[in-house]
Amino acid sequence: MITNMKTKILSIAALGLMSLTLTSCGEDFLEVSSKTEGTTGNFYSNEAAVSRALIGCYDGWQRTVSNGPTFAFHYLAELLSDECFGGTGNADARNSAVVDRFDMGEDNSQQNLHNTLWESYYAAIYRVNELIARSERIAWSSEKVHGQLIGEARAMRGILYFDLVRIFENVPLLTVPSTENVPQAAPDEVYKVIFEDLKYAAENIPADAYPKASSSTNDGRITCYAAKAMMARAYLFYTGVYGKEPEGVTKAAVLAGLEDIVSSGEYSLIPLYKNLWYCASTTWTGSDQTGWTEVSTYAGEDNAENILTMKFNYTSDYNGNAGGNNAIQMFSVRGGTYKAPYGQGWGGATVPKTFVESYPAGDQRREASVIDLTAEGIASMSNYVDKAIPDQREYTGYFNKKYTARSGYHKSESDGSWTLTHYWDGLMAGDFQISQPIGYTLIRYADVLLMAAELGSANGRTYLNQVHNRAYATENGDGSITTPNIQLELSKENIMEERRLEFAFEGIRYWDLLRQGVDVAAKAIVASGETVLNGGIEGVVSYKAKNITDKRGFQQIPQTQITLSNGVLKQNAGW
């Protein structure tokens, strides 16, 4: 990747190999421990070895979050958008403000904000490239098995590069396990690989590899349907940003892939939106005197709507074993655990009041998406007022409910008393700061429907209104659900507005803005500025459109990588 990083790359290769010797363990296949009985030269001997190596690749992909980058992809995407401010502690480093406002002037020392992220992505890519290159020597039992294993690996590489090119635009392109110091590739070259990889996965992972209908989980594995959906997302972003079709990909083919997902019958919308999210669908009833009961209608991570979810576990520690979703703590309420089901976090990505108030009356997605500290009674709690607000930057009274740490009431075995604590602490599992096992869903069926509508499906209006009407569905006293029959007109404006409300806080909004034009993104972000509290003192979040447009909406290359490359890597414009 870069000349003076040869030692680092070799260590990455060793790390990759260590993880390639992992054994699958059913539903918890990402809960793994390292062994070193194999070497790169002798490991890839048969299909079973490649299958184990593929688990190591999934582990590498997971580590782009669990390695603890300052801004994991999901969290970064939220700070860049108009639906979140930087937030975090009032006395914390202003790295969140640098990202949120596209402005190094917020803190000129933050030149390596994304270094861990960069290294984690290229470590994951190295693992995948190693698997693909070494697997060529295998005598496969069938083309079906070959297509499935290599298809998953290539889809993973396509997703990894798609994340990188959206964040940085100008990145090195490596499709073989290499330590070569290569310059950044033209974006078209990177996208060519992305689309080739996703197309291969869509065509070669068997449709029955991980059937949703007959299995409650696929352990986060990438299916042909996930590859088709991700190809559509990449197509919409590329054509929007670059104003042309990618090489070898047509709109008709991308739309056909989405229609395949719809017609497969593998996926469907969850009838009530709130049931997609644990904290939106869960309450605790009772008291410390009578005891507490968890009441939940949560559909689970492997529900019928979720097409691709990155999985995590609670086995992380401070000895190099990473597996938790580290973005969760950043999104969560700062200062303590105040009310179940919300756990403690660092108070990042506070939600603008204007965004919350933009939901139309009756839209159930507002309550399901946003923790309203006032409505929940948290904002008035004396311990929150005394402890959290004085320590919170860019306090608005609103946080992300979809992706937040969880808490619950737990009964002491010794004296029978009840305590409100972090959910995973109650299971005696992991450290709440690094061991959040909450999955990150990259693609839902609702996204497939809206992308198909945007790409011109003959059923586009039906798809749009399926998503829209679900947002207004209500539950009756007898448990039945009433869904209205609102008929929106099919238009680009209606589709983009539906996407804005449907996918709030899911790491999608910013890329939807940017693909409509950097000026559109800048305008929306500037308009989101408002009055907030910084350490309890009133202030204003304001943005300069020029900071965003000068950088074309992309992030800074880590200065460490530029230095280690002896200047082969170049900084992005505007940074």
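Salt bridge present: R334 and D92 bring a charged side-chain N and a carboxylate O closer than 4.0 Å. A salt bridge is absent between E502 and R366: the closest approach of a Lys/Arg side-chain nitrogen to an acidic carboxylate oxygen does not fall below 4.0 angstrom. A salt bridge between D197 and R154 is present, with a side-chain N of the basic residue lying under 4.0 Å from a carboxylate O of the acidic one. Salt bridge R509/D82: present, at least one basic N to carboxylate O contact under 4.0 Å. Salt bridge K492/E497: absent, no basic N to carboxylate O contact under 4.0 Å. Of the charged side-chain nitrogens involved, at least one lies within less than 4.0 Å of a carboxylate oxygen, so that E394 and R101 count as a salt-bridged pair. Under the 4.0 Å criterion applied to side-chain N and carboxylate O atoms, R444 and E305 are assigned as salt-bridge partners. Look at K401 and D372 and you find no salt bridge, because none of the NZ, NE, NH1 or NH2 atoms lies under 4.0 Å from a carboxylate O. Look at D188 and K244 and you find a salt bridge, because one of the NZ, NE, NH1 or NH2 atoms lies within 4.0 Å of a carboxylate O, short of that distance.
Side-chain rings of F168 and F554 stay apart, their centers remaining 6.0 Å or farther from each other.
Surrounding NZ of K199 are at most 12 heavy atoms belonging to other residues, nucleotides or ligands under 6.0 Å away. The neighbour count for E247 CD, taken as heavy atoms of other residues, nucleotides or ligands under 6.0 Å away, does not exceed 12.
For the atom pair CG (L564) and CG (N181), the distance works out to 9.5 Å, reported to the nearest 0.5 Å. The line from CG of N170 to CG of L164 is 12.0 Å long, rounded to the nearest 0.5 Å. The structure places CD of E83 at 9.5 Å from OG of S358, a figure rounded to the nearest 0.5 Å. For the atom pair CG of D519 and CZ of R552, the computed distance is 11.5 Å after rounding to the nearest 0.5 Å. Of the inter-residue distances, the one linking K523 atom NZ with I525 atom CD1 reads 13.5 Å to the nearest 0.5 angstrom. Atoms CG and CD, on D431 and Q329 in that order, are 8.5 Å from each other to the nearest 0.5 Å.
A donor-acceptor pair is defined here as one N or O able to donate and one able to accept, closer than 3.5 Å; such a pair exists between the side chain of N400 and the backbone of Y403.
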What's the verdict on side chain to side chain donor-acceptor pair (under 3.5 Å) for T396 and T350, showing C-alpha distance, side-chain angles and the deciding distance?
CA-CA 6 Å; T396 65; T350 54; 4.7 Å; no
Run the side-chain contact (heavy atoms from CB on, under 4.5 Å) check on D219 and K311 step by step: do they pass?
CA-CA 7 Å; D219 296 343; K311 297 284 190 168; 5.7 Å; no
List, one per line, each side-chain donor-acceptor pair under 3.5 Å for residues 68-80, sequence neighbours excluded.
| unit_1 | atom_1 | unit_2 | atom_2 | d |
| --- | --- | --- | --- | --- |
| H74 | NE2 | F505 | O | 3.0 |
| E78 | OE2 | E506 | N | 3.4 |
| E78 | OE2 | G507 | N | 2.8 |

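Stacking of R406 on the aromatic ring of Y278 is recorded, both the 6.0 Å distance cut-off and the 45° axial limit being met. Stacking of R166 on the aromatic ring of F162 is recorded, both the 6.0 Å distance cut-off and the 45° axial limit being met.
Donor-acceptor pairing under 3.5 Å is recorded for the side chains of Q555 and H114.
Note on ring orientation: taking the six-membered ring where Trp is involved, the planes of F102 and Y510 are tilted (angle from 30° to 60°). Below 30°, between 30° and 60°, or above 60°: for Y122 and Y161 the angle between ring planes is above 60°, a perpendicular geometry.
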